[in-house]
Amino acid sequence: QVQLVESGGGLVQAGGSLRLSCLASGRTFSSYTMGWFRQAPGKEREFVAAIRWGDGNTDYADSVKGRFTISRDNAKNTVYLQMNSLKPDDTGVYYCAASGTLVQLRISGRYDYWGQGTQVTVSS
């Protein structure tokens, strides 16, 4: 079992920045690919970013590429999502997730464990 706890959400003006953190506990953190997803009101959960275990390769949704950065600190069992140049469309609940696989990481069903989510609200 892996437990995930997100933090760092909040209210920010458009153009501002936030850094989300996700602390993992349980089984070996470094063996999991970590992802961030988000869900806006009335919309389906969507992929934001992922970082693979092992080679540390990253992947981003086109809507956040160049503005968001995912990183991980295996010594601290933590994955981060640095969000810059935030837009109102970035508003939603952001979820951290862990996957034991290396493929199809944009698909939520590939993830085995999920956090409870943290709210991000970007005002215009």
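Between the SG atom in Cys22 and the CD atom in Glu6 there is a gap of 5.0 Å [rounded to 0.5 Å]. A distance of 14.5 Å separates OG1 of Thr58 from CE of Met34, quoted to the nearest 0.5 Å. Interatomic distance, CZ of Phe47 versus CH2 of Trp36, reported as 13.0 Å (0.5 Å rounding). Interatomic distance, Ser63 OG to Arg38 CZ, rounded to the nearest 0.5 Å: 4.5 Å. Arg19 contributes atom CZ, which lies 11.5 Å from atom CG of Asn84 (distance to the nearest 0.5 angstrom). Here CG of Asn77 is found 8.0 Å from OG of Ser30. Values are rounded to the nearest 0.5 Å.
Using a 4.5 Å cut-off between side-chain heavy atoms of Ile, Leu, Val, Met, Phe, Trp and Tyr, with links allowed through other members, Tyr32 and Leu105 fall into different hydrophobic clusters. Taking hydrophobic clusters as Ile, Leu, Val, Met, Phe, Trp and Tyr residues chained together by side-chain heavy-atom distances below 4.5 Å, Phe29 does not share a cluster with Trp53. Hydrophobic clustering (side-chain heavy atoms under 4.5 Å, transitive across Ile, Leu, Val, Met, Phe, Trp, Tyr) keeps Phe37 apart from Ile70. Under the 4.5 Å side-chain heavy-atom criterion for ILVMFWY residues, a single connected hydrophobic cluster contains both Val12 and Val64.
Ring pair Tyr94/Phe68 is tilted by interplanar angle, where 30° to 60° counts as tilted.
For the pair Tyr111 and Trp114, the tightest heavy-atom approach, listed with the atom from each and the gap, is O-NE1, 3.7 Å. Considering all non-hydrogen atoms of both residues, Val79 and Ser71 come closest at CG2-O, 3.1 Å. Nearest approach of Gly9 to Thr118, heavy atoms of both residues: N-OG1, 3.3 Å. Listed here is the closest heavy atom pair of Thr101 and Ser99: OG1-OG, 2.9 Å. A pairwise comparison of heavy atoms in Arg67 and Ser85 identifies NH1-O, 2.9 Å as the closest pair.
Not one N or O on the side chain of Arg106 forms a donor-acceptor pair closer than 3.5 Å with the backbone of Ala49.
No side-chain heavy atom of Leu4 sits less than 4.5 Å from a side-chain heavy atom of Tyr95. Annotation: side chain of Gln3 is not in contact with side chain of Leu23 (no heavy-atom distance under 4.5 Å). Using a 4.5 Å cut-off on side-chain heavy atoms (C-beta onward), Arg52 and Asp59 make no contact.
When each of Val122, Thr121, Leu18 is tested with Leu11 by the rule side-chain contact (heavy atoms from CB on, under 4.5 Å), just one qualifies, namely Thr121. Of the residues Thr69, Val48, Leu20, the one that meets the side-chain contact (heavy atoms from CB on, under 4.5 Å) test with Met83 is Leu20.
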query = Given Gln13 and Leu86, is the side chain to side chain contact (heavy atoms under 4.5 Å, CB included) satisfied, shown in steps?
reply = CA-CA 8 Å; Gln13 288 188 332; Leu86 282 161; over 6 Å; no
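Counting non-hydrogen atoms of other residues, nucleotides and ligands closer than 6.0 Å to NZ of Lys43 gives a total of 12 or fewer.
With respect to the salt-bridge test (charged N to carboxylate O, under 4.0 angstrom), the residues Lys87 and Asp90 do not qualify.
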